[in-house]
Protein chains: 2
Amino acid sequence: MTTTLVPVFAALGDETRWSILVALGEGDASASALAVRLPVTRQAIAKHLAVLEDVGLVESTRAGRELRYRVLGSQLSATARSLDRIGAEWDRRLAAIKRIAEAL
Amino acid sequence: MTTTLVPVFAALGDETRWSILVALGEGDASASALAVRLPVTRQAIAKHLAVLEDVGLVESTRAGRELRYRVLGSQLSATARSLDRIGAEWDRRLAAIKRIAEAL
DNA sequence: GCGCGCTGCAACTCTATAGTTGCATTAGCG
DNA sequence: CGCTAATGCAACTATAGAGTTGCAGCGCGC
């Protein structure tokens with residue numbers, strides 16, 4: 001589960017990929033179905049989905065000739081928890097440094 | 001405070017920028033000071049710091065001729081909360097869709 | 001079986017940006 | 001005042017990746 005965070009954020013740092021995630025948040029869909037709703041070609045969407053699947057944000061299921069993708073909200077939440085812990089740790093540590101500095 | 005999330009993630013999606021954030025998490029520092037610890041030039045670091053400051057992840061304070069940067073853990077935590085809410089919402093909605101489908 | 005719709009692969013363009021070098025500027029300090 | 005150490009600005013290179021077009025392969029339904 002120690003998914004390195006940076007690639008996940010790199011994946012999340014693209015507007016088109018967010019559009020895809022948001023669309024999947026309203027229901028599972030295939031790359032072709034998404035291409036109807038979004039202003040990019042199916043192939044572009046397929047590449048984005050591959051990236052998202054690589055970092056574990058979506059999951060695919062084969063249904064005959066079509067590949068349906070599902071967004072994994074739990075993974076997003078897990079990433080969020082990691083982020084929160086890191087941010088809190090920074091604040092904690094810097095506050096400690098500040099206290100020490102003021103004690104001089 | 002409705003900082004658009006995507007640019008923040010784009011900023012977090014770079015290894016060098018994470019190195020900078022982690023270094024700042026151990027104590028405030030200037031671009032020159034960071035350049036000593038990291039394997040890139042000061043100018044590269046300065047650009048990264050500008051990006052991070054743009055999205056609100058760090059803050060700078062002038063102290064004479066030097067610019068000290070401080071990481072803002074609270075902003076990271078705020079971003080984390082947004083992420084968590086979005087992920088939870090997706091899971092909630094998709095579960096509802098699944099229940100409806102099973103009821104047929 | 002045949003055509004249609006969906007996916008997969010490959011090559012290509014183009015833009016954004018990470019990183020560099022070089023120089024100008026300015027603020028402390030002896 | 002001059003030296004040094006810090007930031008700021010500009011031009012440049014190079015690579016990653018977002019997007020495209022074109023075509024091949026394959027499962028479904030008539």
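Naming: A, B, ... by sequence-line order, numbering from 1 per chain. Nothing here was measured: the structure is a model prediction, and the numbers come from that model.
One atom, CZ of B:R17, and another, P of C:dA16, lie 15 Å apart when rounded to the nearest Å. Remark: P of D:dG8 and CD of B:E66 are 11 Å apart, rounded to the nearest angstrom. Atom P of nucleotide C:dC6 and atom CG of A:L34 are separated by 12 Å, given to the nearest angstrom. At whole-Å resolution of the value, CG in B:D14 and P in C:dT17 are 11 Å apart. Nucleotide D:dC28 holds its P atom 10 Å from the CZ atom of A:R62, rounded to whole Å.
Proximity of a side-chain donor or acceptor of A:D91 to a complementary backbone N or O of B:G73 within less than 3.5 Å is detected.
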Inset, instruction - Please step through side-chain contact (heavy atoms from CB on, under 4.5 Å) for the pair B:F9 and B:L83, ending with a clear verdict. - result: CA-CA 11 Å; B:F9 292 130; B:L83 252 201; 3.5 Å; yes
Inset, instruction - For A:L57 and A:V55, run side-chain contact (heavy atoms from CB on, under 4.5 Å): C-alpha distance rounded to whole Å, both residues' side-chain angles, the deciding distance at 0.1 Å, then the answer. - result: CA-CA 6 Å; A:L57 287 174; A:V55 300; 3.9 Å; yes
Legend entry - Residues A:S60, A:L49; criterion side-chain contact (heavy atoms from CB on, under 4.5 Å); working and verdict: CA-CA 9 Å; A:S60 63; A:L49 286 170; over 6 Å; no
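A distance of 8.5 Å separates OG in A:S30 from CG in A:L67, rounded to the nearest 0.5 Å.
In plain terms, the two heavy atoms of B:A88 and A:S77 that are nearest each other are N-OG, 3.8 Å. Of all the heavy atoms in A:L72 and A:G56, the pair that sits closest is CD1-O, 3.6 Å. The heavy-atom pair separating B:A29 from B:L24 by the smallest distance is N-CD2, 3.6 Å.
Each end of the helix from C:dG1-D:dC30 to C:dG30-D:dC1 gets its own axis from five base pairs, and the two axes differ in direction by 20°, given to 10 degrees.
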Please tabulate, one pair per line, all N/O donor-acceptor pairs under 3.5 Å involving side-chain atoms of residues 15-22 of chain A, not counting sequence neighbours.
unit_1, atom_1, unit_2, atom_2, d
A:R17, NE, A:A11, O, 2.7
A:R17, NH1, A:H48, ND1, 3.1
A:R17, NH2, A:A10, O, 3.4
A:W18, NE1, A:L12, O, 2.6
A:S19, OG, A:E15, O, 3.0

With a 3.5 Å cut-off and sequence neighbours excluded, list the donor-acceptor pairs that the side chains of residues 93-104 of chain B form with protein atoms.
unit_1, atom_1, unit_2, atom_2, d
B:R93, NE, A:G25, O, 3.2

Please enumerate all protein N or O atoms sitting under 3.5 Å from an N or O of nucleotides 25-30 of chain C, with distances to 0.1 Å.
unit_1, atom_1, unit_2, atom_2, d
C:dA27, N3, B:R65, NH1, 3.3

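In terms of phosphate contacts, B:S30 brings no side-chain nitrogen or oxygen within less than 4.0 Å of OP1 or OP2 of D:dA6. The phosphate of D:dA18 has neither OP1 nor OP2 within less than 4.0 Å of any side-chain N or O from A:T16.
Listed by chain and residue number, A:R68 satisfy the salt bridge (charged side-chain N to carboxylate O under 4.0 Å, His left out) test with A:E66 (two or more places apart in sequence, or in another chain).
For the segment residues 39-58 of chain B, residues with any heavy atom less than 4.0 angstrom from an atom of DNA chain C are, sorted by number, B:V40, B:T41, B:Q43, B:A44, B:K47, B:H48.
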